[in-house]
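A short worksheet on the structure shown next.
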Amino acid sequence: MSNVFYIDKPLRYGMVGGGATSQIGDSHRVALRRDSYYQLVAGAFDIDAERGRRYGKSLGLEPERIYSDYQNMVQSESEREDGIQVAGIMTPNSTHYEIAKYFIEAGIHLILEKPITTKTEEALDLMRLAKEKNVLCASMYGYCGYPMIRQARSMVEAGELGEVRVVQTEFAHGNCATAVEKHSEGAAWRNDPKTSGGTFIMGDVGTHALHLATFITGQQVHHVAADFQNFVKGRVLEDNAHVLLRFEEGASGYLWASGVAIGHRHGLAIRVYGSKAGISWHQERPNQLLYSPLGETPRVMELDSPELHKSAKRLLRVMAGHPEGYFEAFSNIYSDFAQVLTARLSGKNQDEVNLVYPTLEDGAHGVKFIEACVESAKKKGCWVSSKLY
Ligand code: NAI
């Protein structure tokens with residue numbers, strides 16, 4: 001990988017949530033180990049303390065660093081000379097704010113799962129607190145770690161698409177086409193407004209589609225008009241959403257988030273159309289980007305295409321043609337964050353480490369977007385402001 005950097009000692013990392021039964025915990029563990037920039041040394045892995053203890057033991061952690069809850073973890077780790085420097089938070093949505101606040105107040109840097117909070121004011125509060133405490137936070141929009149997403153962003157930045165006119169993005173799968181919440185812990189909290197934060201599919205997957213759109217175009221969405229449905233009997237929150245988007249520099253957009261799109265497998269895709277060219281990317285074929293310049297034959301860019309921008313090339317890890325994808329995208333975010341954090345901890349000029357990772361502010365935009373969509377849907381699709389500031 002051309003992205004390699006040297007580190008004296010791995011960053012000491014603690015995990016909150018992500019236990020044996022969790023969906024996303026393993027992706028974080030793979031990502032933190034991938035380039036050896038982190039070492040998992042502590043955890044409060046599970047809401048069930050005994051299950052968490054057993055799991056921590058199976059991961060090889062020292063028994064005294066497997067905690068029954070995150071408060072104990074912060075207190076004990078803060079008293080150790082070799083205490084954790086950075087923590088990953090991957091618990092149900094409604095717990096993020098309280099847990100993140102606790103860590104930031106203790107001066108521990110964070111990688112926080114999305115949606116970073118369930119209310120905009122909480123997200124803004126975390127941003128304020130992180131600034132005050134000089135704590136660095138990433139929000140885990142892992143899909144922006146794909147090389148071809150970096151390529152798409154660089155193409156827009158370089159003007160290769162011209163003026164961006166239309167953005168269409170979707171994260172629509174069929175995994176919740178039946179009442180899965182009756183049998184799965186993860187689906188149950190997502191469908192309970194108290195734990196998911198008043199939205200199911202928008203908070204769960206729509207926010208990823210939004211982040212890709214803003215990441216690639218460099219434009220925030222300032223107004224939304226949303227239409228929500230809940231198709232599955234007994235479900236209280238939306239399992240399908242169509243949203244019209246207005247971007248701040250004039251582009252027009254559309255976002256589809258769904259859990260009932262049977263036949264779509266993971267279903268994350270984005271298409272961007274400018275005045276000079278269009279591009280299209282689908283996560284299930286992540287190493288290809290379809291590029292259609294005006295008046296020319298469309299072509300598929302691959303990871304070894306000569307016209308790839310540096311931002312994409314630097315993320316290649318194996319010879320093109322080998323399958324690589326989701327886990328590497330997650331790892332790319334972790335590794336860039338490690339480089340920036342290491343520079344911060346060693347007092348180096350961070351401008352020299354000009355790397356991209358999704359920030360707390362990106363997370364706050366995501367929360368505001370979800371809130372605006374919920375409000376718009378309640379108002380039968382009226383246009384609602386989604387401006388964070
Ligand atoms: P899950 O329900 O599968 O797992 C949650 C884990 O957190 C479980 O191990 C549970 O015991 C533990 N937990 C719950 N409360 C806790 C507490 N107070 N202290 C310690 N542990 C606690 O949930 P899943 O799917 O792993 O999602 C977790 C978070 O990650 C959510 O915010 C979700 O939106 C996000 N997520 C992000 C993805 C991404 O691509 N970035 C993909 C999937 C989930």
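When reading the values below, keep in mind they use all heavy atoms of this one structure, side chains included, and skip hydrogens, waters and symmetry mates. Order of listing sets the numbers, starting from 1, for every ligand and every atom in it.
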Check for me whether G142 has a heavy atom closer than 4.0 Å to any atom of ligand 1.
no
Under 3.5 Å: N/O of P115 near N/O of ligand 1
no
Output the distance between atom OH (Y389) and atom CG (L124), rounded to the nearest 0.5 Å.
6.5 Å
Looking at atom 13 (N) of ligand 1, what's its closest protein heavy atom, distance included?
I47 N, 3.7 Å
Any N or O of K114 that comes nearer than 3.5 Å to an N or O of ligand 1?
yes
Could you list the atoms of ligand 1 found under 4.0 angstrom from a heavy atom of F45?
9 (O), 12 (C), 21 (N)
Under 4.0 Å, heavy-atom basis, I'd like to know which part of T95 is in contact with ligand 1: side chain, backbone, both or neither.
neither
For ligand 1, indicate whether the residue S22 contacts it via side chain, backbone, both or neither (heavy-atom separation under 4.0 Å).
both
Please report which non-hydrogen protein atom sits nearest to atom 11 (O) of ligand 1, along with the residue it belongs to and the distance in Å to one decimal place.
D46 OD1, 2.8 Å
Plane angle bin for H211 and F215 - parallel if under 30°, tilted between 30 and 60°, otherwise perpendicular:
tilted
Polar side chain donor-acceptor pair, N240 to Q229, under 3.5 angstrom
yes
Checking the N or O distance criterion of under 3.5 Å, is ligand 1 in contact with D48?
no
How far does CZ of R271 sit from CG of L290, to the nearest 0.5 angstrom?
11.0 Å
Any idea which atoms of ligand 1 are less than 4.0 Å away from a heavy-atom of G17?
7 (O), 12 (C), 20 (C), 21 (N)
Under 6.0 Å from the six-membered ring centre of F200 and within 45° of its axis: does the NZ or CZ of R235 meet both?
no
Is there any N or O on E185 that sits under 3.5 Å from an N or O of ligand 1?
no
Any idea how Y143 and H266 line up, ring-wise: parallel (<30°), tilted (30 to 60°), or perpendicular (>60°)?
tilted
By number and element, which atoms of ligand 1 are closer than 4.0 Å to a non-hydrogen atom of I24?
26 (O), 30 (O), 38 (C), 39 (C), 42 (C), 43 (C), 44 (C)
Given H208, E113, R51, H96, identify the one with the heavy atom nearest to atom 30 (O) of ligand 1.
E113
Could you check Y334 against Y37 for ring-ring contact (aromatic ring centres under 6.0 Å, His included), going step by step and ending with a plain yes or no?
CA-CA 8 Å; Y334 259 77; Y37 297 146; over 10 Å; no
Has Y70 got any heavy atom lying under 4.0 angstrom from an atom of ligand 1?
no
Counting heavy atoms not belonging to E98, are there more than 12 under 6.0 Å from its CD?
no
When distances are taken from atom 16 (C) of ligand 1, the protein heavy atom at minimum range is T91 CG2, 3.7 Å
Identify the closest protein heavy atom to atom 20 (C) of ligand 1: which residue and atom is it, and at what distance?
A44 O, 3.4 Å
Counting only heavy atoms not in R265, do more than 12 sit closer than 6.0 Å to its CZ atom?
no
Against ligand 1, does Y143 come closer than 4.0 Å with any heavy atom?
yes
Give the numbers and elements of all ligand 1 atoms closer than 4.0 Å to a heavy atom of G19.
9 (O)
For the atom pair CG (L294) and OG (S275), what is the distance rounded to the nearest 0.5 Å?
8.5 Å
Passing candidate, side chain to side chain donor-acceptor pair (under 3.5 Å) with H309, options R314, E157, E160, Q151
E160
Taking all non-hydrogen atoms of both residues, which atom of E307 and which atom of M301 are closest, and how far apart?
CG-CE, 3.6 Å
So, D125 and K119, do they make that salt bridge, N to O below 4.0 Å?
no
Report the nearest protein non-hydrogen atom to atom 32 (O) of ligand 1: residue, atom name, distance rounded to 0.1 Å.
N93 OD1, 2.7 Å
Within-cut-off N or O pair, W189 and ligand 1, under 3.5 Å
yes
Would you mind listing which atoms of ligand 1 come within a distance below 4.0 Å of any non-hydrogen atom of G186?
2 (O)
Would you mind checking which non-hydrogen protein atom is closest to atom 14 (C) of ligand 1, with the distance to 0.1 Å?
P92 CD, 3.3 Å
Heavy-atom distance to atom 44 (C) of ligand 1: which of Q23, R190, M140 wins?
R190
Does one side chain, of E77 or Y67, offer a donor that lies under 3.5 Å from an acceptor on the other?
yes
